[in-house]
Undergrad: 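Structure incoming, see below.
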Amino acid sequence: MFVGVLRLTFHVPHARSLKDKRRVVMRFKDRIRSRFDVSIAEVAAQDTLQRAVFGVSVVSSEAAVCDSVLEKVAHAAQTQEDAVLTDRQTEIVTIGDDMYGELDAD
C-alpha cells in the first residue's frame with residue numbers, strides 16, 4: 001500500500017479579512033474534492049490572513065497512481081485564480097509488506 005501526501009502553500013493576495021481567505025480556502029477544497037478522489041484539509045496558518053497551507057492525500061496499491069493523482073492536483077493548484085501557489089512538497093510513503101518485497105500470506 002502506498003500513501004501519497006502533497007503539501008501546498010498559497011499566498012492569497014486579495015484577502016482583506018479571514019472571511020475573504022476562508023472563501024478562497026473553501027472554494028479550492030471543494031473544487032479539488034469534486035475533481036479528484038483525494039482527502040484535503042487546511043493544515044496550517046488558519047489564522048494567517050494571506051497564507052493558506054493544505055495537505056492532500058491519496059492511497060493506492062501503486063506508487064505511480066499516487067504520484068499521478070498528486071501531480072494533477074498540483075497542476076490544478078497552479079491554475080487557482082484567487083491564490084498564488086508558493087510552495088509544493090510531495091512524498092510517497094510505503095506502508096505494509098510491500099516495503100520488504102512481496103510476502104506470501106500462505
Undergrad: To the nearest 0.5 Å, how far apart are CZ in Phe10 and CZ in Phe54?
TA: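 So the CZ of Phe10 and the CZ of Phe54 are separated by 6.0 Å.
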Undergrad: Find out whether Asp82 and His14 are in side-chain contact, i.e. whether some heavy atom of one side chain is under 4.5 Å from a heavy atom of the other.
TA: no
Undergrad: Are Val38 and Val65 linked, directly or through other ILVMFWY residues, by side chains that come within less than 4.5 angstrom of each other?
TA: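 Linked, Val38 and Val65 end up in one cluster.
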Undergrad: Do any N or O atoms from the side chain of Ser34 and from the backbone of Asp30 form a donor-acceptor pair under 3.5 angstrom?
TA: yes
Undergrad: Using the rule that Ile, Leu, Val, Met, Phe, Trp and Tyr join whenever any side-chain heavy atoms are under 4.5 Å apart, tell me whether Phe36 and Leu6 fall into a single cluster.
TA: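 Yes, one cluster joins them.
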Undergrad: Quick one: are Val56 and Val5 in side-chain contact, heavy atoms under 4.5 Å?
TA: no
Undergrad: Does the pair Arg31 and Gln80 meet the rule for a side-chain hydrogen bond (donor to acceptor under 3.5 Å, both in side chains), with working shown?
TA: CA-CA 10 Å; Arg31 182 173 151 223; Gln80 175 69 12; 2.9 Å; yes
Undergrad: Can you hop from Leu70 to Phe2 via hydrophobic side chains spaced under 4.5 Å?
TA: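 In one cluster: yes.
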Undergrad: Let me confirm one number: the CZ-OG distance from Arg23 to Ser17, rounded to the nearest 0.5 Å.
TA: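 Taking CZ in Arg23 and OG in Ser17, the distance rounds to 6.5 Å.
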Undergrad: Just by distance, do the side chain of Thr48 and the backbone of Gln50 share a donor-acceptor pair under 3.5 Å?
TA: no
Undergrad: For Gly4 and Ile92, which heavy atoms make the closest approach, and how far apart are they?
TA: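 That would be CA-CD1, 3.7 Å.
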Undergrad: Would you call Glu81 and Arg27 a salt bridge, taking side-chain N to carboxylate O under 4.0 Å as the test?
TA: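 No, this pair does not count.
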Undergrad: First locate atom OG1 of Thr79, then atom CG of Leu85, and finally report the distance between them rounded to the nearest 0.5 Å.
TA: 10.0 Å
Undergrad: Provide the closest heavy-atom pair for Asp20 versus Arg16 in the form atom of the first, atom of the second, distance.
TA: OD2-N, 3.0 Å
Undergrad: Do you know the tightest heavy-atom contact between Val24 and Val12?
TA: CG2-CG1, 4.0 Å
Undergrad: Any chance you could measure Met1, atom CE, to Glu62, atom CD, to the nearest 0.5 Å?
TA: 14.5 Å
Undergrad: Run Val53 and Glu42 through side-chain contact (heavy atoms from CB on, under 4.5 Å) and show every step you take.
TA: CA-CA 6 Å; Val53 182; Glu42 186 178 13; 5.8 Å; no
Undergrad: Quick one: pull up CD1 in Ile32 and CG in Leu8 and give me the separation to the nearest 0.5 Å.
TA: 8.0 Å
Undergrad: Could you tell me the separation between the CZ atom of Arg7 and the OG1 atom of Thr90, rounded to the nearest 0.5 Å?
TA: 12.0 Å
Undergrad: When you group the ILVMFWY residues by side-chain heavy-atom contacts below 4.5 Å and let the links chain together, are Val43 and Ile40 in the same group?
TA: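 In one cluster with Ile40: Val43, no.
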Undergrad: Hey, is CG on Asp37 packed in by over 12 heavy atoms from elsewhere, all under 6.0 Å?
TA: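 Counting other residues, nucleotides and ligands, CG of Asp37 stays at 12 neighbours or fewer.
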